[in-house]
Amino acid sequence: MSEDAKSQDKPGSTTHFGFQQVPVGEKRQRVAGVFDSVASKYDVMNDLMSFGVHRLWKRFVIDLAGVRAGEKVLDVAGGTGDLSREFSKQVGPRGLVVLSDINAAMLGEGRRRLADKGVVNLPIVQANAEMLPFAEESFDCITIGFGLRNVTDKDKALRSMCRALKPGGRLLVLEFSKPTSQTLSKIYDQYSFKLLPLMGRLVANDEASYRYLAESIRMHPDQQTLKSMMDAAGFGRTQVYNLTGGVVAVHRGFRIE
Amino acid sequence: MSAPSVLCAAAEIALNRYLRLESSVIEDCARLSGRCIEIALPSASLTMAIEFIPSGARVMPESPVPADVRVSGTPSSLLTALRAGSGSGIPAGLDVQGDVELLGEFRAMVARVGFDPEEWLAPMLGGVAAHRVADGLKRIFDWTRGNTRRMADHGAEYLREETYDLARGRDVGEWIEEVEDARDALDRLEARLRRLENGGNDAPATGREHA
Ligand SMILES: C[S@@+](CC[C@H](N)C(=O)[O-])C[C@H]1O[C@@H](n2cnc3c(N)ncnc32)[C@H](O)[C@@H]1O
């Protein structure tokens, strides 16, 4: 077990859950609670929350991943499987896409949605990003879309993903980040702390979960911090791509050979 | 100043789509793996680096290693250099320092895959007509220093505006559909090219399968 994981697992140690401090062992359960409760409305809310722009952000990730026929791709925290579906078209019959998530309800929703779109031959694995159950050097490309901020020990998850990549393979992290301009930052605060929980209440009847989402976004490391974390976890050529003024950032790094 | 990373991403995505059309070109990329070309546009005070990797190329705002060759010039001299292929020498107005042969190889590679600089951004932008993209590119390249900085600050937002991305203020779903259509059209074009190359007796191919 890693040093930080050890220290985090010490009795009495805490981590953040949104803006609250909770015991480390409890965060995973609480995050699971959030995603259990949003699973069925997840896609509708995603569209509403981002005014549909999350599709463009995902499109950017798919294009930047540059997945080719025959490659092996792992979608970590893949939830309802948006990214997996696109990758499965790109890898073709000789390739492989694995959809994984810690949450069975999200994976169930994912399986159903993939089947609706005619994607049935895609392995689905329930797994914690911090301890991926795959052999070292298994994948050409790993993605984690809007998942890393929910993970308790992010450094451990980054190392675990690096380990599962083949040398030269790439990791793409799509995550909310810090807006690059102050004006945008203010508008965004209003939006996420007022409008987002309101939409959560009206559409999903679940204000608390959406408040958690807004808070967890604020607690997530900013662009530079995440880049340093990736470099420390064994990635190189790490590059940050700010989208929508830094509301969202894509980090791409390569496993150094 | 280094080019904004999103602009590099757009360039990389489009460049790789072309390089991967031809398996021998990908083999060349693998052979040149780790070597780096730096491109500078002093008029826009922009630099960008292309590093070869086994599956194509990475385009980054800065060269991660000392570049093997540095190319600097006006946007039009650069576009001419790329359009002309390897045979025609270095166009006037282009300053090349370092390994000229590496630049020559790159020019030959892009010529072999029929790379069209005007379409550089087209795959990223889907339904937007190529000439409008080219216009957008020209505007990107012709920007003054101040504008360039603004572009860096605003990242994708700015790139979208300046390349006439119609996604803003429009139904995003419709836009996604257009992207898909454009993608399909590109796939069809690739398949047609492959069939032509193989004398018309090839099985349907996407052009990406051999890569
Ligand atoms: C906001 S959803 C993103 C889903 C999908 N990738 C997308 O972009 O639409 C976040 C997902 O992260 C998952 N998750 C949270 N903690 C995780 C962990 N430690 N390991 C793996 N997945 C986790 C949740 O179950 C949830 O499905």
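At most 12 non-hydrogen atoms from other residues, nucleotides or ligands lie less than 6.0 angstrom from CD of B:Glu101.
Closest approach of A:Tyr241 to B:Ala9, counting heavy atoms only: CE2-CB, 3.6 Å. Nearest heavy-atom pair, A:Gly66 versus B:Arg20, reported as atom, atom and distance to 0.1 Å: O-NH1, 3.1 Å.
One distance of note links CG of B:Asn16 with CZ of A:Arg68; it measures 8.5 Å at 0.5 Å rounding.
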>> Go through it in stages, so that I can follow the logic: the residues are B:Arg58 and A:Arg170, the test is side chain to side chain contact (heavy atoms under 4.5 Å, CB included), and I'd like the CA-CA distance, side-chain angles, deciding distance and then a yes or no.
In response: CA-CA 12 Å; B:Arg58 273 194 283 254; A:Arg170 62 258 186 224; over 6 Å; no
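Residues B:Cys8 and A:Gln239 fail the side-chain proximity criterion, which asks for heavy atoms closer than 4.5 Å. Contact check for A:Asp63 versus B:Arg17: side-chain heavy atoms found under the 4.5 Å cut-off.
When the side chain to side chain donor-acceptor pair (under 3.5 Å) test is applied to A:Asp222, the partners found at least two apart in sequence or on another chain are A:Thr225.
Contact annotation for A:Val250: neither backbone nor side-chain heavy atoms come within less than 4.5 Å of a heavy atom of chain B.
Listed by first and then second residue, the salt bridge (Lys or Arg N to Asp or Glu O under 4.0 Å) pairs that reach into residues 237-248 of chain A are A:Arg237-B:Glu51, sequence neighbours excluded.
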